[in-house]
Protein chains: 2
Amino acid sequence: MTKKLPSRRSDCPIARALDFVGDKWTLLVLRDIIMARRRYFQELLAGNEGIASNILANRLKLLEAARMITRRRDPAQARRVIYEPTEKALDLLPVMIELIRWGLKHDPNATAPAHFARRLAEDRDGFIADMRALHQRGI
Amino acid sequence: MTKKLPSRRSDCPIARALDFVGDKWTLLVLRDIIMARRRYFQELLAGNEGIASNILANRLKLLEAARMITRRRDPAQARRVIYEPTEKALDLLPVMIELIRWGLKHDPNATAPAHFARRLAEDRDGFIADMRALHQRGI
DNA sequence: CCGGATCCGTTTCGATACTG
DNA sequence: CAGTATCGAAACGGATCCGG
């Protein structure tokens, strides 16, 4: 059995948020959808440090149920399914950014492209705004 | 067997960070140690939305191994063990703050005290600085 | 082909009871 | 008080199969 939608009894925002993203894979799937701009099942399968297809399918289903992503057929290629982030998912960008900053500061084995790291350090909000704009214009 | 220290093959800062805090409990334990200022095993046991004692013990051990908390005997009461956050753990405050902001924005069932929420919205950095200062002065 | 679903062994979780 | 021991339940993950 794969992961189910949980029901936590707490009203703490952190605890409730972790019901959605408090596992090993969900935030990585969102990272690939949002930051690496992957949109197809196969792209996500190849990108996520080796996620299993059943786990990916499960997470995509949960993310759709939580209204974090939308799912639709590719108009150009009827077989393909396109996954796209909603505003709710894009609003997790600050969380991802802070995780990256933390990793780059404290984990010597964590790496990021130099221009990427510089932008994060010097212009966090601009970086987030640019990334959001890309998705909102559907580029 | 409980959770082990993982070894992910990726060098992505998000993926690597999730090896430490990418589960349901670790970040909640840190929340209680850092934001609620709980320091004893029993305090943490009572506070964390009902964490089981074996899971708490396991997470405290992993957090110590990751140099996120320190463990020492209470000088006043020899049985008690005091857990305290390191700089590395305090540097997760921005991540926690952004999770809270996300929850308050998108989860209607997430709540926070009014003055707390206002401070988060209007003076995020000041709030983080104040919280860090409390721990650094050992108050 | 593409996006999954199913099967099934392994790992981790978590409630309760217990111990130094 | 600060943890272990136990054991059933849940989640993971690899392999394989299936429907459009």
Side-chain angles (χ1 to χ4, degrees), chain A residues 1-10 15 18-29 32-33 38-66 69-84, chain B residues 1-10 15 18-29 32-33 38-66 69-84:
Chain A
M1 189 86 85
T2 42
K3 196 187 178 196
K4 290 185 198 307
L5 271 176
S7 62
R8 201 185 292 263
R9 30 285 175 214
S10 167
L18 290 178
D19 277 343
F20 295 106
V21 299
D23 72 276
K24 212 174 312 221
W25 290 114
T26 302
L27 213 54
L28 291 183
V29 173
D32 280 359
I33 291 178
R38 300 187 212 262
R39 287 172 299 180
Y40 308 120
F41 194 91
Q42 295 300 327
E43 286 182 333
L44 294 166
L45 204 56
N48 270 304
E49 281 92 10
I51 189 173
S53 69
N54 57 342
I55 305 294
L56 175 58
N58 173 257
R59 294 305 189 275
L60 289 171
K61 204 174 289 182
L62 290 176
L63 284 171
E64 194 189 358
I69 59 174
T70 60
R71 193 197 119 105
R72 65 185 172 92
R73 294 278 164 189
D74 188 334
Q77 209 175 337
R79 305 178 173 202
R80 292 212 147 192
V81 174
I82 300 184
Y83 295 99
E84 284 166 316
Chain B
M1 190 84 85
T2 43
K3 196 186 179 196
K4 291 185 198 306
L5 270 175
S7 62
R8 200 182 297 258
R9 31 281 174 219
S10 168
L18 290 179
D19 277 344
F20 294 105
V21 299
D23 72 276
K24 212 169 311 207
W25 289 114
T26 302
L27 213 54
L28 291 183
V29 173
D32 280 359
I33 290 178
R38 300 186 210 263
R39 286 171 301 180
Y40 308 120
F41 194 92
Q42 294 300 326
E43 286 181 333
L44 294 166
L45 204 56
N48 271 303
E49 281 93 10
I51 189 174
S53 65
N54 55 345
I55 303 296
L56 176 59
N58 173 256
R59 294 307 189 274
L60 289 172
K61 206 173 287 182
L62 289 177
L63 284 171
E64 193 189 359
I69 59 175
T70 59
R71 191 197 121 104
R72 64 185 171 93
R73 294 277 165 190
D74 188 335
Q77 210 174 335
R79 300 187 175 197
R80 290 211 149 194
V81 174
I82 299 184
Y83 294 100
E84 285 166 315

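By convention in this document, chain letters (A, B, ...) are assigned in the order of the sequence lines, proteins followed by strands, and residues within each chain are numbered from 1.
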- Message: I'd like to check A:V81 versus A:D74 (side-chain heavy atoms, cut-off strictly below 4.5 Å). Are they in contact?
- Response: no

- Query: Over how many whole Å does the gap from A:D74 atom CG to C:dC2 atom P extend?
  - Reply: 12 Å

- Query: Is A:R79 touching bases, backbone alone, or none of the nucleic acid, heavy atoms closer than 4.0 Å?
  - Reply: base

- Message: Of the options D:dA2, C:dG3, C:dT12, whose atoms approach the side-chain atoms of B:K3 most closely?
- Response: C:dT12

- Look at A:W25 and D:dG13 and indicate whether a side-chain polar atom (N or O) is within less than 4.0 Å of OP1 or OP2. yes

- Any A:Q42 side-chain N or O less than 4.0 Å from OP1/OP2 of C:dG3: yes

- Query: Who are the side-chain hydrogen bond (donor to acceptor under 3.5 Å, both in side chains) partners of A:R79, not counting sequence neighbours?
  - Reply: none

- Message: Please check this pair: side chain of A:D32 against backbone of A:L44, looking for a donor-acceptor N/O pair closer than 3.5 Å.
- Response: no

- Protein-nucleotide distance (A:N54, atom CG; C:dT10, atom C1'), rounded to Å: 13 Å

- Query: Where each residue is assigned the nucleotide of DNA chain D containing its nearest heavy atom, which of B:S53 and A:K4 is assigned the position nearer the 5′ end?
  - Reply: B:S53

- Sugar-phosphate only, base, or nothing, as touched by A:R59 at under 4.0 Å among non-hydrogen atoms: sugar-phosphate

- What is the distance from CG of A:L44 to P of C:dC2, rounded to the nearest Å? 14 Å

- Task: Rounded to the nearest angstrom, tell me the gap between atom CD1 in A:I51 and atom P in D:dG13.
- Result: 8 Å

- Item | Any B:K61 side-chain N or O less than 4.0 Å from OP1/OP2 of D:dT4 | yes

- Message: Is B:K24 close enough to D:dA11 that one of its side-chain N or O atoms is under 4.0 Å from OP1 or OP2 there?
- Response: no

- Task: Determine the contact category for B:D23: base if any of its heavy atoms lies under 4.0 Å from a base atom, sugar-phosphate if only primed atoms, P, OP1 or OP2 are that close, otherwise nothing.
- Result: nothing

- Query: When the distance from CZ of A:F41 to P of D:dG20 is rounded to whole Å, what number comes out?
  - Reply: 17 Å

- Quick one: does B:L18's side chain get under 4.5 Å of A:L27's, heavy atoms only? yes

- Round to the nearest Å and state the distance from B:D19 atom CG to C:dT11 atom P. 17 Å

- Task: Would you indicate whether the side-chain heavy atoms of A:T2 and A:K61 approach each other to under 4.5 Å?
- Result: no

- Item | Spacing between B:N58 atom CG and C:dA15 atom P, to the nearest angstrom | 14 Å

- Query: Checking all strands, does B:T2 fall into the base, sugar-phosphate, or nothing category for heavy-atom contacts under 4.0 angstrom?
  - Reply: sugar-phosphate

- D:dC12, D:dC1, C:dT16: which one has an atom nearest the side-chain heavy atoms of B:R80? D:dC1

- Taking CG from A:L45 and P from C:dC1, how many angstroms apart are they, rounded to a whole number? 16 Å

